[in-house]
Structures are given as C-alpha cells and as structure tokens.
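Computed from a predicted structure; not experimentally measured.
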Amino acid sequence: MDPKFTNAEYILRTLAVGLPVDDDLKRHNKDTDTRRQSLTQRLGLNSPPAKDKGKGKGKERDTETAGSGNSGGDDDEGDRSAAKKALKKQHKVTRAECVDVVDNNVYVGTNEGHILHYAVSPVTVETEEPPEQHFVCTIDMKLGKKRIEQLIALPGQDKLVVLCASTLSFYSLSELRPVGSGMPPIRGVSCVALDERVPRSADAEYAGLCVACLRTVQIYRLSKTELRLEQEFAVASSIGSISHYGNYVCLADTETYKIIDLHKVRRGAADDAQLPLLPTQQPQKDPQSGKIIRPPRPSTLVVGPNEFMFLTASGAEADGDTLGVIVTALGEAKRGTLQFTAYPKSIIYDDPFVLASFASGSVEVHDTRQPDKTLVKTFDFSDTTDSRQPRRLCTTALAHISTELPVPEVIDTTIPDIAGLNAFVTDKAHREIVSAALPASPAGKSLSRLSRTAIVAIGSDSLYYVAREPPIIHITRLIADQRIEEAMVAVNAAQQPAGSKRITNTPHTLEAQYCIQLAAMTCLKNMLFDDALQYFRHGLIDPRALLYLFPDIVEYLGQLLIPFARIPLASGLRLLFCDIGDADTLLKSGSKQLLSDNSGEDQAAILISALMANLLEVLERYLEFCRGLVRAGDLSDAPFAPDAVPVIDTTLVRLYAVNLQKDKLYAMLLDPSSAVVSDLAADYFQKTEHYYYHSLVLKAQGDIRGVLEIWHRLLLGEQTDRWFGGMEEYLQLVQLTDSQSTVLAEFSWLVGVDVGASLRLLAHLSDDSVASIDADSVFAAIERQGDRPMRVFIERLLSAKHLRATRYMTYLVNAYVRQLRDYYMVDTSEAQSNRSALENGFKCAQAENLRLRFRTYLES
C-alpha cells in the first residue's frame, strides 16, 4: 500500500497485513478442544455428541412440525431468526481490536477474547514491505468471547494489563500467564488509563493505573510484585472515558467532562476537587424516524503535563463537525482548538501532535501548536480493502520505526576498479564505482537507537506503524538544506532521555556523531571553515580522511597513509568526500561564487591562495586537537586507530613548515613522545629546500654531525634559509655539545671562516684538546687578524702548556707592547685621555706614599 499524504514529518510503515488470526485460532482451538472422553463414553454407555449438532436438530425440528396440525407461523419466524444469528456467529470474522508492542513482540487483542502473540522483525524506514512475522502463542481470556477492549504492556513491571468484559486482568509479560494472588482481577471496570506522568519505559520502577469501576475511580500503584490501591473516590454518574496525569484526572461521565484534583480529594474537599468543563453529548431523537440516536463515546486525552483534551460536537451524529478542546488542569485554554470534520473513532497524543482515526479509514495528524489550520498530514486508506483500513489507534510501550545505523565501514578493495585505490576524484564514473563498492545492508545490520516510539493503526487484519521519522533522517535533511544550526539543536534534543526537559551534555551516540561529521563536511564544502573546525572537533571525524583532500600531503605521506577506501567512514560521509573532491577543486569552485564576473585570473589566484592558507590552518588545528586527545590518553574517544598517530605527527611537521610555525615545529621534533617519521619529514624538507627544518629533523635524531654539515653550507652562503639563526645559533649548538672532538673540529673549521667566532669556541676546549691543536697552522690564520686574537690564542696555549707555546712568547710580548703603545702613546684623543688619567692616578697615589715608584704603581 502506498498511501497518499501531504508533506509532514510523520511516516507510515506496515507492521502486518492479513494477520492469520482465524487460522491461528483454529489451530489453537483444535489443540485445546481435544479433550479426554468421560468414563461413560469410554464404556460405550453414552455415545459422543454428533459433530453437526445444528444440522441434526434442524431436521428433527422440521419433522416434528410437519407431523402436527399446528401451523406455528410465529415459531417458524423465531426459528429462522435464531438460525440467522447462529449462522452469523458461525461465520464471525476474527478482528484485531487493540495492540501493544514491546520491541519485536506484538500483542493483539481480538474481538473474540483472545490475545495473539507475534514476533516480528524490525520495521525500518528503508523498506515499505511488511516485516517477517512468526506466531508465538495465543491466550483465551475465557470471558464469554467478549472483545478485548484494551491492552497495556508494562515492560518495566513485566506485566500485560488486559481489559475484557469489564474485567481488568494482569498477566506476566514474559510468560503470558496470569499473575498470582497478589494481583487479582478487578471487575466492573468501564475504562482504564495510565498515569502519563510516569514514563512507560523498561527501567520504570512502577506504573500508575487509574481505573473507573461503575461510579468509582480507583488509583493503583503497580510494581513487579504488587498492585496497591492508593486512592479511591466516588463520582455521580457512570464514566465513559478517563485520563490521568499526576494529581489530576480528566473524565467524561454521562453528564459532563470534568477534571478531578486528587490532592483535594485526599484532603477531604471532594466538592472543591471537581472542575466541570462542558457537557457530554446526549442521546437525541431523530425527528423523521423517531429513533433515539446514541452519541459517540466521549473521549479524553492527556496532551502534556497537567493538560488534557476532550472532544465535543454539536449533535449526536458521528459524522458532524467536532472540536478538540485543550485545557489545563485549572480549565484554562492555552492552546488552539482542533477542528475535525467528523467525530474521531480514536485519538492519540504524540507531543506536540494529535493523531485521530475516522470511520472513513483515514488518519489525520494535527499540530496543537498552531492557532488555526492545525491539520498537517493525512493518511488516506481509501484505496485499500475494508479489512485493511484503520479503525483505531493505539499507543505502544516500545515500538519503533528505525533506520540503518550509519556504521563506519571500509570498502572492499578487492572489487574490480577499486583495488589499489588510494585517492578519489570527483568525476561521475568514479562516484558510481565507489557507490557500488559500499557495503550492502545485510538483514541483520545494526539499527539506529535514535528513533521515536511508534503508534499503531489497527485494521481488521492489518497493523501499521505511524510515527515521526527517525531523528537521523530529519537531521540529515536539515543538513542537506544547509540548516546546520537547526540540525545541531535536533542532534542534542534527540540524545536526551525520554521526557527530559533539560539539555544535558551526553556522550555522542554513533548516529549523532555521524550527523555532526556530516555537518562539518557540509560546512567545509560551503567554505565555512571556522564552523567546519568546530564540528570536526565535536564529531571526531577520522583525520586521515581529511588528508585526502590534499593530494600533495597524500604523496608526502606515501605508504604511511592507508588507502582512502580502508578508512572507516559511513557511506553517506564517504560519498560527500567524493563530491567535494580535493582542496583545489573545492576552492576553485568556491572562489567563483565570491568573485564578480569582471574579476581577472590574478584576483582569483590571490583569493584561492588566501583560502588555501585558511584551509591548511583548519587542518593544522584539527590535527593538533586529535594529537591532544592522544597525549591526554583519551584514545577511547578518538575516532581513529593508534596507527594514525604517526600520520598526524608527520603531517603536522609539514604543516608547521608551510604555515611558518617554527616554534611548534621545533617543539614537535624535539618532543620525545612525538611519533614523527623522520625520514619522510627530512626527505620533504630537502626536496623543498627547507634546509634549516631538515637540520632540525637531524637534530631530533641526534645526528649533530649532519646538522653541522647543513649549517656549514648555510654559513658559507652555499645555501640560504631565512629561519637559520646564523653564527649565534651555530656557536650555541657547538658549545652545548659534550663531544670535545666535535668542538675541536668545529674550531679548526671556523678558524678559516671567522677567527673571532673560533676564539669563542677555544674557551670551551679542554687543555688536552688545546694541546692537540696544530698551533702553527692556526697561528698563521690568526696572526693576520691583529694583536688581540693572537694574544688570546697564545695565552690559551700557555695555560694549556702546549708544546709550541714558548715559541710564541716573543709574539706575545710584542703584542703587549703594541697594546700599551696604542693605549697611551699614539697621537689620538683617546690615547691622550688614557695617558692623562694614568698620570693623575699616579700623582694621587704618590701623594699618599712619597716613596711610590711608577713601576710599582703600574704593577699594582
């Protein structure tokens, strides 16, 4: 069946069509009616009754009538009427009257007083075919084949509450057996309702039952072990409908709709506890036929915390205009009134919607938030047979329309055209290949837990799920429509526990994570980079997948990066990657939307370059975030395997170089906990002429000799790198090394490059190292630089007791003399000032000591 309906978020799926209730009951009756013969039957004293009793009796009655002289016209007419009733009863069709569902267990109450138990496979959005069903068992209520009016499954208490023939019975839900003496049946019941304040969930400790018995209302507390009467009060008239929320009961008796305040009843203020609303419909006499027309049964409904709805119509006919009036427990109307073209046969509330079924077989969905024109959807079953048209709606305990779980999967790379695939392109043929290679959905595939409780529409032999579509479908549609913020609000709301009014920070489910990842990639596709980064962090998308947007990074990582086909991704997310293509394609297409038609190629190139820088920054920050998860030990929350850590660190080294993050790169390379693949980084820096970064990689590896060789070339000008710190950084490295052989070698090399810098290294050489210097060659290079370098060198040779030190004593004395001459004797203002200061100092000292000699003064 493909019902036609207007656009709204409710969907319809078939739960069962053509239920074999008659066959199941016949099979059950055949088994239960095979009874053991009595003793007189076994002895042959009394023959078993004829199988066709009605046929034999009919013949016998006809014979007796013919043999008598009495015409018996009235008797014949009575016999014919009785025969028609018997024939009608013999051909009575078994119909489904009420249903409840707990997971994959379906309980059907029939018009003949039976409960049928079926096991069905999950109902999903992806298929409209009825699920597989298996008949489990049946229960005969043995209450005169009266119809079962209501079934209430309570999984938290493991109970099935059954209303049949004005008797409320209790069965164990797991075994479908009557509960023992602790929960005797309640007789004389006209209607029953659950306390809607208590959720009907699997972990609920108790359930509240509101039972209308004749002119009495009883409030029960039902747990797994007992049924306890907590409150009881009388009413003036018989009750036709009742609903219950917390301290308030809304009921309809033969006179009026009213709301009862249970708190006031407990305090003894029974008169003040009743709040009359509107009169119920009364029987009316048809002016033409004179017959009394009985009105439809009144109906009440809980539509929110301390809010109720009731139906009212102008006449007694069921096909007249009807209003659904919503009031608070105080009788105030705070929401609009619903308008129905006919009196609904049943109504159900699914916040904030009211669903109503009608005698025509249609099901309407009304939005209680709208002030007018509340009808938002209609399910039309007019093109189906009468047995399949819904006659009633029932709420369920735990029934769901689910959708397939977006499980991260990999592509089978052994499929032709996929083998060896390590990247992706955006052409249509490639996308079709990837789509074909995505794993098929097996029958037992995991289903989304983010689904809403379904309502069951009951036909004579058919059952349908009516429910709002699973949130994941609604959310993905919002994302596809670029309504990202609305989608994220829906993600948070979908993860909240049922009935919760506060938004709490709950761990993301797999479905929520998928939706956030989808939002992140959609923002990236629209070049909303900041939003994309935010959702990347929330959705924890596998960072290796993002690297495939950058072909140069993929080439840089080589075999370290697993093929894109082997990265676990949900199929919808994988196809979105294929739609985006690579970063160049994305930015080129996106820049066209930002530039005017008159913009030239140069402007486009500048814009693309700026956008690429922003995109690389987003990638860098997300990889840092992922690395932070690893360092904090939160691998349980990480969306990637531990073997992705070297990929992250090695990529970050490259990004730091591209984004000019020298300090971060240096810290990364020297971090002992980093997992950088040094060979890849060194090879990349060498090819891209990042010589200084290449030396840092070698430095992190402990290859000081390799570092110094690169820095030699940089100091000599053979290579250039803006980030190299020059001579100061070079000297700092050499001075901090613990190897005297390295310092000595660098001193010998540096003498020919920069004598002054070499003398700074000389101070860091040990006496043994200085004693091993080739003094003659070094002196030859230093002598040309003047007296001061020569003096420093000779003094160091003397302190280290170099074998050739005494050979240079004359050079040292001459250096001292020249130094004194230059300091005092030359004809310069500086020398004259120095000489004057010396003379004045000597005179002052001699004034204190007349025997002081000039030589003694100099020595002091």
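One finds the CG atom of L715 at 12.0 Å from the CD1 atom of I710 (value rounded to the nearest 0.5 Å). Note that CD of E624 and CE of M668 are 7.5 Å apart. Values are rounded to the nearest 0.5 Å. The structure places CZ of R544 at 7.5 Å from CG of L561, a figure rounded to the nearest 0.5 Å. To the nearest 0.5 angstrom, E689 atom CD is 9.5 Å from D721 atom CG. One finds the CG atom of L698 at 9.0 Å from the CD atom of Q686 (value rounded to the nearest 0.5 Å). Of the inter-residue distances, the one linking C523 atom SG with F536 atom CZ reads 8.5 Å to the nearest 0.5 angstrom.
At a threshold of 4.0 Å, the pair D649-R627 counts as salt-bridged, since one of the basic side-chain nitrogens sits closer than that to a carboxylate oxygen. Between D683 and K687 there is a salt bridge, with a side-chain nitrogen of the basic residue lying less than 4.0 Å from a carboxylate oxygen of the acidic one. Using a 4.0 Å cut-off between charged nitrogen and carboxylate oxygen, D579 and R574 do not count as a salt-bridge pair. Salt bridge annotation for K843-E848: absent, with no cationic side-chain nitrogen under 4.0 angstrom from a carboxylate oxygen.
Other residues, nucleotides and ligands contribute only 12 or fewer heavy atoms inside 6.0 Å of the CG atom of D602. Dense packing is recorded around CD of E718, with more than 12 heavy atoms of other residues, nucleotides or ligands lying under 6.0 Å away. By the neighbour-count criterion of 12 heavy atoms within 6.0 Å, atom CG of D530 is sparsely surrounded, having that number or fewer from other residues, nucleotides or ligands.
Q701 places no side-chain N or O within 3.5 Å of a backbone atom of S678 that could act as its donor or acceptor partner. The backbone N or O of L518 sits less than 3.5 Å from a side-chain atom of T522, completing a donor-acceptor pair. Between the side chain of S591 and the backbone N or O of K588, at least one donor-acceptor pair lies under 3.5 Å. With hydrogens and angles disregarded, no donor-acceptor distance shorter than 3.5 Å links the side chain of S609 to the backbone of A605.
For F564 and F577, the ring centers are positioned less than 6.0 Å apart.
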**Verdict with reasoning, Y730 to E746, per side chain to side chain donor-acceptor pair (under 3.5 Å)** = CA-CA 10 Å; Y730 166 80; E746 293 307 303; 2.2 Å; yes

**Verdict with reasoning, S769 to S766, per side chain to side chain donor-acceptor pair (under 3.5 Å)** = CA-CA 5 Å; S769 298; S766 64; 3.1 Å; yes

**Item:** E617/N659 under side chain to side chain donor-acceptor pair (under 3.5 Å): CA gap, chis, key distance, verdict
**Value:** CA-CA 7 Å; E617 182 182 358; N659 295 339; over 6 Å; no

**Prompt:** Would S739 and S741 satisfy side chain to side chain donor-acceptor pair (under 3.5 Å), going step by step from the backbone distance to the final call?
**Reply:** CA-CA 5 Å; S739 173; S741 61; 2.8 Å; yes

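Classification of the Y693-F685 ring pair by plane angle, with boundaries at 30° and 60°, yields tilted. Between F724 and Y692, the ring planes lie tilted relative to each other; the angle falls in the 30° to 60° range. Note on ring orientation: taking the six-membered ring where Trp is involved, the planes of Y684 and H690 are parallel (angle under 30°, cut-offs 30° and 60°).
Scanning all heavy atoms of the two residues, the minimum distance from G539 to Q513 falls at O-CG, 3.0 Å. The minimum heavy-atom distance linking A757 with L731 is given by the pair O-CD2, 3.9 Å.
For the pair R654 and Y556, the cation-pi test (distance below 6.0 Å, angle within 45°) is passed.
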